[in-house]
Amino acid sequence: MKPNFIQKVTNWGNFPIVEKEMRSEDSFRKIKDFVLDHNEVIARGNGRCYGDASLGEHIFSTKKLNKFISFDRLNGVIECESGVLLSEVLEISVPQGYFLYVTPGTKFVSVGGAIASDVHGKNHHAEGCFSEYVIEFTLMNERGEIIKCSREENSDKFWATIGGMGLTGIILTIKFKLKNIESAYIRQESIKAENLDEIFRLFEESESWTYTVAWIDCLQKGKDIGRSILMRGEHAFQHELPQNLTKNPLRLKKKLEPTVPFYFPNFVLNSLTVKIFNWLYYKKQSKKEVKSFIDYETFFYPLDAVNEWNKIYGKSGFIQYQMVIPKETGREGMKKILETIANSGNGSFLAVLKLFGKNNPQAYNSFPFEGYTLALDFKVNSKLKKLVAQLDEIVQEFGGRIYLTKDSMSKSSLTNYLKNIQNPKFVSLQHKRIINNN
Amino acid sequence: MIVLGSTSEVAQAFIEKALQEGEKFERIYLFTSNKETTERFARHIDVKFLQQSKVIELDLTKEIDYNKFDSINSNLLFCATGYLGEGTEEGLYDNKNTERIIDINYSKLVPVMNYFAQKFESRRSGTIIGLSSVAGDRGRQSNFIYGSAKAAFTAYLSGLRNYLFDKKVHVLTIKPGFMATKMTEGLPLNPKLTATPKQAAACIYKAYKKQKNTAYVLPVWGIIMMIIRNIPEFIFKKLKL
Ligand SMILES: Cc1cc2nc3c(=O)[nH]c(=O)nc-3n(C[C@H](O)[C@H](O)[C@H](O)COP(=O)(O)OP(=O)(O)OC[C@H]3O[C@@H](n4cnc5c(N)ncnc54)[C@H](O)[C@@H]3O)c2cc1C
């Protein structure tokens, strides 16, 4: 058997699935050979983007770039290779009293992927994107050279790479800052909102909270449209913690991690089951407002509690549709979007609403800008293309755009917003799709 | 802990597993033919576990200066050294390939193992873990040069176990089966029969703690190899395995 490295590769949404060359190396010299020997290379982290962003003709997986380089425990500065997962960073940093400044809704993304998508969390309005806390990184360029990028050194490459979706080269190592925490717990308040007006009001009232996010029941129509639960949180100080948590405030107990054993058959997720799920979720909280202390995993990564939950969507896969609409027109836009979804009958199991704060103009390739963002999961089926096209029209009308790391079928006028990334060496299937306008 | 073949992902995963389980080592001696990547691993375990280690170059294809290893002592030796080389079709009549496979998997490796075994013997304690291969269980046409070297290595470990038994040193033979590592990357392996380095490390750690003599990483390989070993030769020789 001669290795050919051709394999089936797909990202978190299991759509699309391609058969391409994928390799992983831990030696920088061999990575250089790989880059020089191939046209159309793209880096891939942990495949937690939903669509085709980290797929390409020749995929370089950073799976083996998984080593830590240094950890300044005094100042909370950590340096590691790009394939290290955020979960691995937390494993060593939380017991030392440090947390990630910015984390997406899953901890199973690589730090390289976090830069390439310049991920945001529930604190964008307060603390911005992941890149704000990046001190420097090294990048392998099209000539196989390793260049150091920071705000001072090669700053053009630094900013192009942030949110640049792997199109500027392969990020090899990263140095970034962590934030101090006193406990591994979050002081949380969750508040029910009857409709869109109320949830928008709650968001604006909660601007002083570090973390805010809302879960929306997106099958509601009419006056109930936007029925939702807002969750807001702060890292708990030690003195606030309830007695039972004060003994080991920086350590969490080991939890069971169930795994979805196989792809669910297609009939399992339909508009009825989604409706029931959403109803249960909303009704679970009987009071208008609940205050509690919960561990950081439950607060930030509720979905990670079930391994491979993406299999629930069946073999045909699913997409995530995430857009941002400017603040001024955001409410009206969101309303239209939710109406369109409710009318389509194509329910979303998971719909998350957030208010983004001001963007960093230097990070011109980052997705977020001030406004409302909604992320929706949709099962891939025959009706989906039409729904996406309808939603795209609305996003366009309201001056919004689509998050590339979730995109796999939106129209290119909403996705073609990256700058300074033209480089024939590093090309993803997504980028080809976008520039070919199909 | 002494590690031979420290760039091996299984060896690295085993070290991490042991440290996670709270094992303490005064120092880990990382023998390697690739200093660059091993030094990165050494830093990694220092950051993650505050574990001291020392990287030592060892190229089995060259003359070895044992004097340099004088001061090295430990209670655990993990040997993951291995070299797959070219399979039969490409590499059978290439003497360089044949020699390299036999050298790295057996003939040049065994003296190094013996050197450390002697230290263990004189201390009358410790465990030696050797990664052999299911390929050594029976010679198959696809890669029997590698298989024969591993067969010899398996026999060596078995004899060493026997010899060191009453000297209070334990020897564990691991037969990994398919593993998703550098050695097999790009090969179309059946995922049900393939272990990740992490899985392998967990199995090996368990076998080490239980003082097993030999262990397959995935239990299914025990069954597969039992069948393969028991196929009568007059049938086996006609099979395309
Ligand atoms: C359950 C879930 C929740 C999520 N929640 C959020 C959220 O709240 N906020 C948010 O912003 N995102 C969120 N995401 C998306 C996720 O954070 C991003 O897609 C992230 O980039 C994935 O990282 P990865 O390591 O898996 O990279 P991949 O998915 O493998 O790749 C993503 C992109 O990064 C590039 N890339 C990866 N590694 C490198 C590298 N070393 N050098 C150069 N380019 C590289 C790839 O080319 C690709 O363009 C979520 C995803 C999931 C599955």
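The sequence lines fix the lettering, A, B, ..., with proteins before strands; numbering per chain opens at 1.
- Counting heavy atoms of neighbouring residues, nucleotides and ligands inside a 6.0 Å radius, atom CG of A:Asn180 exceeds 12 of them.
- In this structure A:Phe300 satisfies the ring pair (Phe, Tyr, Trp, His ring centres under 6.0 Å) test together with A:Phe99, A:Tyr211, sequence neighbours excluded.
- Taking a 6.0 Å sphere around NZ of A:Lys179, one finds it holds more than 12 heavy atoms contributed by other residues, nucleotides or ligands.
- Per-residue counts of heavy-atom pairs under 4.5 Å with chain B were compared for A:Ser24, A:Ser27, A:Ser70; the largest is that of A:Ser24.
- With a 6.0 Å radius and a threshold of 12 heavy atoms from other residues, nucleotides or ligands, A:Lys425 has its NZ atom above the threshold.
- Put simply, CD on A:Glu79 and CZ on B:Arg43 are 7.5 Å apart, with the number rounded to the nearest 0.5 Å.
- Looking at A:Ile69, both its backbone and its side chain come within 4.5 Å of chain B, counting heavy atoms on both sides.
- Within a 6.0 Å radius of CZ in A:Arg29, no more than 12 heavy atoms belonging to other residues, nucleotides or ligands are found.
- A:Glu81 has its side chain out of reach of B:His44: every pair of non-hydrogen atoms, C-beta onward, lies at least 4.5 Å apart.
- Heavy-atom distances place the side chain of A:Glu91, and not its backbone, under 4.5 Å from chain B.
- Within 6.0 Å of the NZ atom in A:Lys32, the count of heavy atoms belonging to other residues, nucleotides or ligands does not exceed 12.
- Crowding of A:Lys177 atom NZ: a count of heavy atoms from other residues, nucleotides or ligands under 6.0 Å not exceeding 12.
- Identified by a heavy-atom distance below 4.5 Å to chain A, the contributing residues of residues 30-40 of chain B are B:Glu36, B:Thr37, B:Arg40, in residue-number order.
- Taking each heavy atom of A:Ile92 and B:Lys48 in turn, the nearest pair found is CG2-CG, 3.4 Å.
- Other residues, nucleotides and ligands contribute only 12 or fewer heavy atoms inside 6.0 Å of the CD atom of B:Glu26.
- Counting heavy-atom pairs closer than 4.5 Å to chain B, the top residue among A:Lys64, A:Arg23, A:Arg73, A:Gln7 is A:Lys64.
- Proximity to chain A is absent for every atom of B:Leu84, based on heavy atoms less than 4.5 angstrom apart.
- Neither the backbone nor the side chain of B:Glu89 comes within contact range of chain A, judged by heavy atoms closer than 4.5 Å.
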